[in-house]
Amino acid sequence: MEAKRVLVEELGGTLFTVAKDVKLQVEFNPAKVKGYRLIGYENRLMEARDFDDDAKDGGEIGAGHRVTALYELVPAGSDEDLGEVELKYGAGNAAATENGENGGAEARPAEGAPAPGADSEWLTLKVRYKEPDGEQSRLLEYPVDDSAVCRELPPDMRFASCVAQTGMLLRDSEYAGGSSYKAIAAELERIDGLRGDPYKEEFLYLVKRLAAM
């Protein structure tokens, strides 16, 4: 099954690079988000200032490739005490940058006056990349506002959250909270469309094995 995934389903993405030196930066609006933590990607983080530096290498994206990044958010108005960090939404603003994304493990958006028209925005996703044969990067920006917020996660995001929880348990992460393999397996069983997907079914099998250990 792994050979089929690599040699059949993902072969195009492996052979055909559509962008190089790809960097993603997420900038949160402090009017909506008091603090954030990127889950995983520790080996892909870079300094926020390196996002605009074309001399700093990013990642390669192949045809059909997708990137999923999960953040733990502390909503504005929370009493939780967070540290400081330094960008559109305030006098100093918070950015999360990775080498193919940036997240800044734990951070807090700086307070300040929001940019005009940004009242309903939760964050801005910035993508910087070079053409496969280019040397100058291009910048794309995608604001995310209230219309993108959903109260119930779609099945794919529920599955991704289960994968993230499993990873934190395997690493004995201090952020795993009350997660357990048994609870993750139960959540996976409730996800529509999981049955019939051989990769997701295999993951459920592995989680159940871990729960039984």
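Just so it is clear, the model here is predicted, and its values are computed rather than measured.
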Would you give the length of the straight line joining atom CG of Asn29 to atom CG of Leu123, rounded to the nearest 0.5 angstrom?
9.0 Å
Thr166: what forms a side-chain contact (heavy atoms from CB on, under 4.5 Å) with it, not counting sequence neighbours?
Leu170, Tyr181, Ile184, Phe203, Val207, Leu210
Please list all pairs passing the ring-ring contact (aromatic ring centres under 6.0 Å, His included) test where one or both residues lie in residues 135-156, with sequence neighbours left out.
none
Taking distance alone, no hydrogens or angles, what donor-acceptor pairs closer than 3.5 Å link side-chain atoms of residues 151-163 to residues at least two apart or in another chain?
{"unit_1": "Asp156", "atom_1": "OD1", "unit_2": "Lys200", "atom_2": "NZ", "d": "2.9"}
{"unit_1": "Arg158", "atom_1": "NE", "unit_2": "Glu187", "atom_2": "OE2", "d": "2.9"}
{"unit_1": "Arg158", "atom_1": "NH2", "unit_2": "Glu187", "atom_2": "OE2", "d": "3.0"}
{"unit_1": "Ser161", "atom_1": "OG", "unit_2": "Arg158", "atom_2": "O", "d": "2.7"}

Please check if Leu38 and Leu169 belong to a single hydrophobic cluster, counting links between Ile, Leu, Val, Met, Phe, Trp and Tyr side chain heavy atoms closer than 4.5 Å.
no
Full working for salt bridge (charged side-chain N to carboxylate O under 4.0 Å, His left out) between Lys32 and Glu121
CA-CA 8 Å; Lys32 298 283 191 179; Glu121 293 178 9; over 6 Å; no
Which heavy atom of Leu73 sits nearest to which heavy atom of Val33, and what is that distance?
CD2-CG1, 4.1 Å
Check: Ser173 side chain, Tyr175 main-chain N or O, donor-acceptor pair, under 3.5 Å
yes
Tell me every residue that passes side chain to side chain donor-acceptor pair (under 3.5 Å) with Asp172, counting only those two or more places apart in sequence or in another chain.
none
Tell me every residue that passes salt bridge (charged side-chain N to carboxylate O under 4.0 Å, His left out) with Asp52, counting only those two or more places apart in sequence or in another chain.
Arg128
Under a 3.5 Å distance rule, please check whether Lys20 uses its side chain to pair with a backbone N or O of Gly134 as donor and acceptor.
yes
Whichever hydrophobic residues join Tyr205 through chains of side-chain contacts under 4.5 Å:
Leu206
Give a yes or no answer on whether the side chain of Lys23 reaches the backbone of Lys56 with a donor-acceptor pair at less than 3.5 Å.
yes
Under a single-linkage definition using a 4.5 Å side-chain heavy-atom cutoff for Ile, Leu, Val, Met, Phe, Trp and Tyr, are Met168 and Leu188 assigned to the same hydrophobic cluster?
no
Which residue pairs satisfy the salt bridge (Lys or Arg N to Asp or Glu O under 4.0 Å) criterion with at least one member in residues 63-79, sequence neighbours excluded?
Arg37-Glu72
Mind listing the closest non-hydrogen atom pair of Gly58 and Asp21 along with its distance?
N-OD1, 3.1 Å
Under 4.0 Å between a Lys/Arg side-chain N and an Asp/Glu carboxylate O for Glu27 and Lys126?
yes
Side chain to side chain, Val26 and Thr124, heavy atoms closer than 4.5 Å
no
Point-to-point distance, once rounded to the nearest 0.5 Å, from CG of Asp197 to CD1 of Ile191:
11.0 Å
Residues, nucleotides or ligands: over 12 heavy atoms within 6.0 Å of Lys130 NZ:
yes
Can you name the salt bridge (charged side-chain N to carboxylate O under 4.0 Å, His left out) partners of Lys208, sequence neighbours left out?
Glu189
Locate the shortest heavy-atom distance separating Gln165 from Ser179; write the atom from each residue and the value.
OE1-OG, 3.1 Å
Name all residues meeting the salt bridge (charged side-chain N to carboxylate O under 4.0 Å, His left out) criterion together with Glu201; count only those two or more places apart in sequence or in a different chain, and write none if there are none.
none
Run the numbers on Trp122 and Asp146 for side-chain hydrogen bond (donor to acceptor under 3.5 Å, both in side chains), then give the verdict.
CA-CA 7 Å; Trp122 283 77; Asp146 290 331; 2.8 Å; yes
Results of side chain to side chain donor-acceptor pair (under 3.5 Å) for Tyr129 - residues two or more places apart only
Arg138
Which atoms form the tightest heavy-atom contact between Ala76 and Ala31, and what is the distance?
CB-O, 3.4 Å
Not counting sequence neighbours, which residues clear salt bridge (charged side-chain N to carboxylate O under 4.0 Å, His left out) with Arg209? List them please.
none
For Asp53, what residues pass the side chain to side chain donor-acceptor pair (under 3.5 Å) criterion, not counting sequence neighbours?
none
Assess whether side chain to side chain contact (heavy atoms under 4.5 Å, CB included) is satisfied between Leu139 and Phe51, documenting all intermediate values.
CA-CA 10 Å; Leu139 175 65; Phe51 178 74; 3.8 Å; yes
Under 3.5 Å, is there a donor-acceptor pair between the side chain of Asp54 and the main chain of Ser137?
yes
